[in-house]
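Below: the structure, in structure tokens.
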Amino acid sequence: MGDALYPAVEPYESGLLDVTDGHRLYWETVGSPTGVPVVYLHGGPGSGSTAGARRYFDPTAFRAVLFDQRGCGRSTPLADGPDYDLGSNTTGHLVDDIERLRDHLGIDRWIVTGVSWGVNLGLVYAQKYPERVVAAVFGAITTGSRREIEWITRAMGRVFPQQWEQFAAGVPQGERAGNLAAAYARLLVDPDPDVRRTAAVRWCAWEDTHISLMPGWQPNPRYDDPAFRSVFARLVTHYWSHDCFLAPNEILDGMGALAGIPAILVHGRYDVSGPLDTAWEIAQAWPGSKLVVLDDAGHGGEGFAAALTAAVDSFNVS
């Protein structure tokens, strides 16, 4: 196929996996039980996986594993209130969860795929466990660097000045020159539920703004759901305020571990929330990778999903 998404399919198996710190991960497998194993890492952090993501994978060729990262989606407990312990939700925890899920499903090696934050997570996982990665397909390339976080929370205000002013106005005056993600993270654990709700609404409004240059953009209806807003804003601000729990330049410095692993990197030229230079730097540092730049796409959008699907298909070795 390759030029379009595959038909929607239901999981043939699903479950809740006990990991650590009282967390249980929702996981599902779609396609063929004897197909090429592939794991999908969703964005966010905190978006959860969707039924639409199942359509990236040819159900006759792949055994696709999708799951909700700890704290979001159908996993438990949800990071939806001030009582949730964020200390047990870090990049290291998520990487260990991926490996625990692989072992639980009896998979030796798999293709690693992901979008946006899922790329960040997939790169860290692949660098720690390169022997488990057959190939990689990543879309909307991010590395969780301080430079990227500062761009998306502050410098991008040069592109959307009115919306950024509203975003910055959501935190106390004395904190507007500092780490905005950290300021919002504090508001999202305020004892007053109205303060938490307002912060989540303002954070998600900015999230929707900074992907709005992609052709065909429409406001994302997921942000209309108060429960989704609460979980999503809480996890994104937690990760971003801690530089995604990565050392400076950790991912770029670790790219040597991926030499010999083939990869296709898909990025939209209109992705203002994740400028193309990050994807370019990763491709340059990854022998065996191929960068596909979509001239009509942004952080998603026209042709993006089809390009990811075609990239996954190219690694069908069954």
Side-chain angles (χ1 to χ4, degrees), residues 43-48 69-72 77-91 93-94 116-117 120 142-213 217 219-248 271-275 278 299:
S47 291
Q69 295 157 29
R70 59 171 68 191
C72 72
L78 286 176
D80 61 351
D83 297 333
Y84 177 84
D85 177 18
L86 287 169
S88 62
N89 200 321
T90 69
T91 302
H93 286 99
L94 301 188
S116 195
W117 156 253
N120 191 150
T142 66
T143 66
S145 69
R146 167 53 35 192
R147 184 182 70 153
E148 290 169 60
I149 294 166
E150 278 295 300
W151 166 259
I152 210 168
T153 56
R154 183 173 302 280
M156 200 164 48
R158 296 175 63 188
V159 183
F160 303 104
Q162 180 181 2
Q163 295 90 339
W164 185 83
E165 189 172 284
Q166 293 166 349
F167 170 63
V171 306
Q173 179 75 44
E175 298 184 64
R176 291 175 194 171
N179 185 322
L180 288 172
Y184 266 97
R186 285 191 292 274
L187 293 172
L188 288 161
V189 293
D190 192 276
D192 185 340
D194 287 335
V195 171
R196 299 198 300 269
R197 278 194 291 268
T198 301
V201 167
R202 289 194 171 189
W203 181 271
C204 291
W206 178 244
E207 289 274 357
D208 218 16
T209 293
H210 64 63
I211 65 165
S212 64
L213 292 190
W217 172 83
N220 196 320
R222 68 184 184 174
Y223 296 126
D224 296 335
D225 177 359
F228 178 89
R229 285 198 307 262
S230 176
V231 168
F232 178 79
R234 186 105 195 275
L235 287 173
V236 173
T237 57
H238 170 60
Y239 275 79
W240 287 7
S241 62
H242 291 92
D243 294 346
C244 295
F245 301 94
L246 299 172
D271 190 346
V272 70
S273 64
T278 296
H299 200 73

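One-based numbering along the sequence shown. Below, all heavy atoms of this structure are taken into account, side chains as well, without hydrogens, waters or symmetry copies.
- A183 and V171 make their closest contact through CB-CG1, 3.7 Å (heavy atoms, listed as atom of the first residue, atom of the second, distance).
- Distance check: E207 CD to S47 OG gives 8.0 Å after rounding to the nearest 0.5 Å.
- Among all heavy-atom pairs drawn from D85 and S88, the shortest one is O-OG, 3.2 Å.
- The two residues L235 and G46 have their closest heavy-atom pair at CD1-CA, 3.7 Å.
- Residue W164 comes nearest to G157 through the heavy atom pair CB-CA, 3.5 Å, listed as atom of the first residue, atom of the second, then distance.
- Put simply, CD on Q163 and CG on D208 are 11.0 Å apart, with the number rounded to the nearest 0.5 Å.
- Rounded to the nearest 0.5 angstrom, T142 OG1 and N120 CG are separated by 4.5 Å.
- Rounded to the nearest 0.5 angstrom, H299 NE2 and D271 CG are separated by 5.5 Å.
- With rounding to the nearest 0.5 angstrom, the CZ atom of F160 is 6.5 Å from the OG1 atom of T209.
- A distance below 6.0 Å separates the ring centres of W203 and F167.
- No donor-acceptor contact under 3.5 angstrom links the side chains of R186 and S241, judged on distance only.
- In this structure, the side chains of L86 and R234 come closer than 4.5 Å at one or more pairs of heavy atoms.
- Scored by the ring-ring contact (aromatic ring centres under 6.0 Å, His included) test, Y84 finds H23 as partners (sequence neighbours excluded).
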- Query: Between R146 and D243, does a salt bridge (charged side-chain N to carboxylate O under 4.0 Å, His left out) hold up when you go through it step by step?
  - Reply: CA-CA 6 Å; R146 167 53 35 192; D243 294 346; 2.5 Å; yes

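- Across all their heavy atoms, L180 and T153 have their closest contact at CD1-O, 3.3 Å.
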- Could you walk me through whether Q69 and N89 pass side-chain contact (heavy atoms from CB on, under 4.5 Å), step by step? CA-CA 9 Å; Q69 295 157 29; N89 200 321; over 6 Å; no

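- Screening N179, L187, L188 for a side-chain contact (heavy atoms from CB on, under 4.5 Å) involving T237 leaves a single residue, L188.
- Within the 4.5 Å cutoff, no side-chain heavy atoms of F232 are placed close to those of C72.
- Residues forming a side chain to side chain donor-acceptor pair (under 3.5 Å) with R229 (at least two apart in sequence, or on another chain): none.
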- Task: Start with the C-alpha distance between I149 and C244, add both sets of side-chain angles, then the distance that settles side-chain contact (heavy atoms from CB on, under 4.5 Å), and finish with yes or no.
- Result: CA-CA 9 Å; I149 294 166; C244 295; 4.2 Å; yes

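- Using a 4.5 Å cut-off on side-chain heavy atoms (C-beta onward), W240 and Y184 make no contact.
- Considering only heavy atoms from C-beta on, L94 comes within 4.5 Å of R70 through its side chain.
- For the pair I152 and W206, the tightest heavy-atom approach, listed with the atom from each and the gap, is O-NE1, 2.8 Å.
- Ring centers of Y239 and W117: under 6.0 Å apart, within the cut-off.
- Partners of H93 according to the ring-ring contact (aromatic ring centres under 6.0 Å, His included) rule, which considers only residues two or more places apart in sequence or in another chain, do not exist here.
- Considering CD of E148 and CH2 of W151, their distance stands at 11.5 Å, rounded to 0.5 Å.
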